[in-house]
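Shown next, in structure tokens, is the structure this report addresses.
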Amino acid sequence: DTEVTQTPKHLVMGMTNKKSLKCEQHMGHRAMYWYKQKAKKPPELMFVYSYEKLSINESVPSRFSPECPNSSLLNLHLHALQPEDSALYLCASSQEGQEYGYTFGSGTRLTVV
Amino acid sequence: GDSVTQMEGPVTLSEEAFLTINCTYTATGYPSLFWYVQYPGEGLQLLLKATKADDKGSNKGFEATYRKETTSFHLEKGSVQVSDSAVYFCALSDLYNFNKFYFGSGTKLNVKP
């Protein structure tokens with residue numbers, strides 16, 4: 001299995017809703033990432049988990065809450081989002097080491113109404 | 001700090017034309033370099049990589065050579081196809097903080113039949 005699987009593929013939520021994005025990989029990668037990508041822009045790093053512990057938080061608003069229940073799963077809990085949070089949310093994973101690069105999922109297209 | 005600079009797009013070519021997308025980088029150490037491709041509505045896919053100076057990465061007819069003296073990693077393909085239409089991102093991974101990728105701004109390639 002060489003994939004990162006993200007669910008759902010599309011999500012529309014209201015500003016008062018609570019929802020979660022899910023990400024799963026079975027490649028044995030010990031680093032997992034959440035990125036946010038706006039149209040025509042490169043991905044922006046949000047969070048990094050290394051060995052199931054949060055190692056990087058790029059000053060993301062608290063309405064985004066990551067969780068890593070085990071080495072294969074990564075969640076992103078969403079609450080009280082704003083319309084400007086609408087974007088493509090990408091999950092990625094990697095082996096430890098600079099030479100490996102990331103494996104990305106296909107993303108969740110989030111629309112906040 | 002580390003950074004990646006890509007040529008502005010969009011780049012529009014006819015099928016079978018030669019492609020070059022320029023990428024230069026700034027890094028304090030000896031980074032690994034990557035090209036990712038993003039097709040419409042999808043996540044990023046690793047296209048090729050190079051982990052040390054003078055290495056050449058190649059995949060699907062695309063090539064890029066890690067040039068330390070010019071701090072460049074230009075992407076080339078001898079004969080593009082309509083199916084190569086996508087956004088291409090150059091990226092680097094730092095030896096001292098490999099959990100943080102630095103992406104270029106992306107270059108959109110349009111190939112016309």
Side-chain angles (χ1 to χ4, degrees), chain A residues 2-7 9-10 21 23 25 27 29-59 68 74 87-111, chain B residues 1-10 23 25 27-53 55 57 59 64 66 73 86-110:
Chain A
T2 58
E3 288 187 344
V4 173
T5 303
Q6 289 188 245
T7 56
K9 292 196 178 305
H10 300 276
L21 310 185
C23 174
Q25 58 90 14
M27 295 176 282
H29 291 173
R30 301 314 298 266
M32 296 186 75
Y33 311 81
W34 280 114
Y35 278 86
K36 173 182 178 179
Q37 187 179 27
K38 301 285 272 185
K40 301 184 180 181
K41 297 290 188 183
E44 298 174 21
L45 182 63
M46 300 174 72
F47 303 103
V48 180
Y49 273 82
S50 179
Y51 289 87
E52 299 158 53
K53 296 206 182 307
L54 183 65
S55 61
I56 296 177
N57 177 341
E58 292 286 277
S59 302
C68 189
L74 188 65
L88 180 67
Y89 288 84
L90 294 165
C91 175
S93 69
S94 71
Q95 299 180 60
E96 296 285 300
Q98 68 161 137
E99 69 270 31
Y100 295 106
Y102 296 177
T103 301
F104 282 87
S106 56
T108 294
R109 175 72 60 187
L110 174 68
T111 303
Chain B
D2 294 354
S3 67
V4 175
T5 302
Q6 280 182 245
M7 63 187 287
E8 291 282 329
C23 171
Y25 68 89
T28 52
Y30 299 95
S32 292
L33 300 172
F34 305 84
W35 277 101
Y36 280 84
V37 58
Q38 187 173 31
Y39 298 102
E42 298 186 10
L44 279 70
Q45 299 175 24
L46 178 62
L47 181 59
L48 53 83
K49 67 178 182 181
T51 58
K52 60 182 187 296
D55 266 3
N59 186 24
Y66 188 165
F73 192 55
V87 179
Y88 292 82
F89 292 98
C90 185
L92 74 79
S93 176
D94 191 310
L95 171 65
Y96 301 106
N97 188 5
F98 54 80
N99 281 342
K100 199 163 184 177
F101 246 42
Y102 295 86
F103 285 98
S105 57
T107 302
K108 183 173 174 61
L109 171 64
N110 296 315

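So that the names make sense, note that chain A is the first sequence line, chain B the second, and so on, each numbered from 1. Fair warning: this is a prediction, and the values are worked out from it, not measured in the lab.
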Check: B:L44 main-chain N/O paired with A:Y102 side-chain donor or acceptor under 3.5 Å: no
Any residue of residues 35-42 of chain A which, by heavy atoms, sits under 4.5 Å from chain B: A:Y35, A:Q37, A:K41, A:P42
Non-neighbouring partners of A:Y89 that pass ring pair (Phe, Tyr, Trp, His ring centres under 6.0 Å), sequence neighbours left out: A:F64
Other residues, nucleotides, ligands: >12 heavy atoms within 6.0 Å of B:Y30 OH: no
Interatomic spacing from CZ in A:F104 to CD in B:E42 - rounded to 0.5 Å: 13.5 Å
Chain A contact via B:Y36 - side chain, backbone, both or neither, heavy atoms under 4.5 Å: side chain
Of all pairs that satisfy salt bridge (Lys or Arg N to Asp or Glu O under 4.0 Å), the ones with a partner from residues 89-102 of chain B, not counting sequence neighbours: A:E58-B:K100
B:T51 portion near chain A, given a 4.5 angstrom heavy-atom threshold: side chain
For A:L88 against B:Q38, the heavy-atom pair lying closest together: CD2-NE2, 3.8 Å
Counterpart residues, side chain to side chain contact (heavy atoms under 4.5 Å, CB included), relative to A:S50 (two or more places apart): A:S55, A:E96, B:N99
Part of B:Y102 within contact of chain A (heavy atom distance under 4.5 Å): neither
